[in-house]
Amino acid sequence: VRIGRRVDESFLEELEEAMITADMGVQTTQELLEHLREAYMDREIEDPKAFLGYISNYLEQHLRRGGNELITAPSGPTVILVCGVNGCGKTTSIAKLAYHFHRVENRKVLLAASDTFRAAAVEQLDVWAQRIGCDIVKHKSGADPGAVAYDACAAAKARGSEVMIVDTAGRLHTQTGLMKELEKIRRVLAKQIEGAPHETLLVLDATTGQNALAQVDLFHQSVPLSGLFLSKLDGTAKGGVVISINRQFEIPVKFIGLGESYEDIQPFSPDDFVHAIFG
Amino acid sequence: TITKSLQSTFDKLGRRGRLTEKSIRDGMREVRTALLSADVHFDVVKEFTRKVTDRAIGENVIKTVAPSEQIVKIVHDELEALMGPTDTSIRENASGPTVIMMVGLQGSGKTTTCGKLAQYLVRKGHRPLLVAADVKRPGAIDQLEIVGESVGVDVFTIRGGSPTAICRKSIRHATQNEKDIVILDTAGRLHIDETLMVELVEIQRSTKPQEIFLVCDAMTGQDAVKSAKEFDQRLAVDGVILTKMDGDARGGAALSIRAITGKPIKFVGTGEKMDRLEEFHPDRMAGRILG
Ligand SMILES: Nc1nc2c(ncn2[C@@H]2O[C@H](COP(=O)(O)OP(=O)(O)OP(=O)(O)O)[C@@H](O)[C@H]2O)c(=O)[nH]1
Ligand SMILES: Nc1nc2c(ncn2[C@@H]2O[C@H](COP(=O)(O)OP(=O)(O)OP(=O)(O)O)[C@@H](O)[C@H]2O)c(=O)[nH]1
Ligand SMILES: [Mg+2]
Ligand SMILES: [Mg+2]
């Protein structure tokens, strides 16, 4: 995009390539291209910033739907349920959230190690709790995840925790039994703490393609999602699929993950996100 | 399914008179959309549709008895041919333990796949050794030890050691303990992390693996090409293992990776349990991508 560049078909093809390779998907890409055709066809770009601003505004209105702020409980512990498919970054993202609340915002944090299935999942979260210096409730491997959630709720109330974050096992949205298990964990939280879970975050790996839409669809049907945590945005993937997700489900991105240590977290900025795609 | 809708698209185009070169090109737009929605990379789709269009026109499909069926068949056949034949070969080391190195992006399924591969090899009469070379991720060594125990395979590591030293020393340990295969589980890393990519090259230099497997998540989108290309250029990957195929991702990344690196997809992961490793079937993958 530069001054004097004519908005012709070949220019639109270049934009299309940028959008598709950013994982925006065919439909969202076509719609934006159509929008640009109507507004700019055959005109010269007099002001590249304004042109990019036009694209930004169009996309940002999607990305801001649902709000990008974290919901907190009016009183008592704020409960955050974290879910997502295998390997997307849930446990590491929880460490980042714990760091954010505990060390940066100075709030008392409790972690619930409700992934009792995967090898060394509890150990992994435990190491993070030790490093950050926050509380953790864990059972032995193979224990019932709902039971861990139950005990964590009791502990949160007894210890006066301000934020409780629940780690769950990775599961594919197509595994009905495991989705039922997730619903059960949510019911336990809702029953034990007023208004819980106040946030249900789906962690989405930024390298994920169009399958992300099916993930959001089915997870949202099981446990109403309040936001997304877009992980691994420090790689080369742009995570453009969240634009389609926001359009279709109005579920906003609340945080982004930019690395493997607990400080690598940032609140989501629609502005930065769009600029990373269009330069 | 896409195959049915492609058929009806070409039928419609053909119905107004007969199938012309222009209508073939128009119909290919739908193939393009189908492949992009399946996460096949933009450049790979461009090249693929060009190839199929040329073939459809060249084979004079226009004049055949059932042109739309012919075109859909060409798309299927080209896709399957591109995916390559079934190949589960693991090159054997003539002088010492066979070394298999597992590499890939974070969370792609390497550690789990190491366990599955170990079990697969045990069932073929081998004595593999698992090597815990991920010293960074919390609980990674514990994870591989538990995985190893679940498949009855020893795990070698040096707590406090560096990945390169662990991998190098594991070979001697294997020989001393009569293990004929060494499986190196490395830490997930970004292809743009210079230090960590150099670390992989160092491990490769000192252990000279017979097989380097790039472990990729089947739900990866357009980025599959960037990361696969970089891993391949640095290491000359021998094969690819596609994980989480038990989900409903169409898996277009498989076509992209194959087209860009030319390397074979040897196995697919179809679940979290240790018996969930299958050989790759190009015809099934082609059908899945087309949808
Ligand atoms: N580069 C990068 N790596 C990340 C990020 N978030 C997580 N990871 C890495 O991704 C891998 C998987 O992270 P986990 O937190 O174990 O993922 P998970 O979703 O809990 O995995 P399961 O519980 O097995 O489903 C680890 O190697 C993490 O260090 C991120 O923002 N950037
Ligand atoms: N459903 C399913 N899950 C899988 C498959 N392969 C691995 N997983 C799961 O994916 C998650 C990540 O697997 P890991 O083996 O820890 O991945 P990794 O590549 O070693 O991760 P890093 O070492 O952090 O880079 C775990 O929850 C595994 O159980 C598969 O084929 N299907
Ligand atoms: Mg986890
Ligand atoms: Mg691992």
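Each chain gets a letter, A, B and so on, in the order its sequence line appears, and its residues count up from 1.
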Subject >> A:Gln210 vs B:Arg250, side-chain contact (heavy atoms from CB on, under 4.5 Å): CA-CA, chis, key distance, verdict >> reply: CA-CA 9 Å; A:Gln210 299 309 301; B:Arg250 299 256 296 279; over 6 Å; no
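- Although no hydrogens or angles enter the test, the distance criterion places no donor-acceptor pair under 3.5 Å between the side chain of B:Asp142 and the main chain of A:Ala120.
- Using a 4.5 Å cut-off between heavy atoms, A:Ala237 contacts chain B through both its backbone and its side chain.
- Summarising the geometry, atom OG1 belonging to A:Thr91 is positioned 7.5 Å from atom CZ belonging to B:Arg137; distances are rounded to the nearest 0.5 Å.
- Separating the OG1 atom in A:Thr236 from the CG atom in B:Leu105 is a distance of 8.0 Å, to the nearest 0.5 Å.
- At a cut-off of 3.5 Å, with distance as the only test, a side-chain donor of A:Asn211 or B:Asp248 sits close to an acceptor on the other residue.
- The most heavy-atom pairs under 4.5 Å with chain A, out of B:Thr111, B:Leu144, B:Thr243, B:Thr220, come from B:Thr220.
- Rounding to the nearest 0.5 Å places CE of A:Met24 at 13.0 Å from CG of B:Leu36.
- Between the side chains of B:Gln106 and A:Glu260, at least one donor N or O lies within less than 3.5 Å of an accepting N or O.
- Both the backbone and the side chain of B:Asp246 have a heavy atom closer than 4.5 Å to some heavy atom of chain A.
- The CG atom of A:Asn86 lies 12.0 Å from the OG atom of B:Ser108; values are rounded to the nearest 0.5 Å.
- Neither the backbone nor the side chain of A:Gln30 comes within less than 4.5 Å of any heavy atom of chain B.
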Original post:
Would A:Leu172 and B:Met219 count as a side-chain contact (heavy atoms from CB on, under 4.5 Å) if you check the C-alpha gap in whole Å, the side-chain angles of each, and the deciding distance to 0.1 Å?
Top reply: CA-CA 11 Å; A:Leu172 296 180; B:Met219 63 184 89; 4.2 Å; yes
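- Under the 4.0 Å criterion applied to side-chain N and carboxylate O atoms, A:Glu16 and B:Arg32 are assigned as salt-bridge partners.
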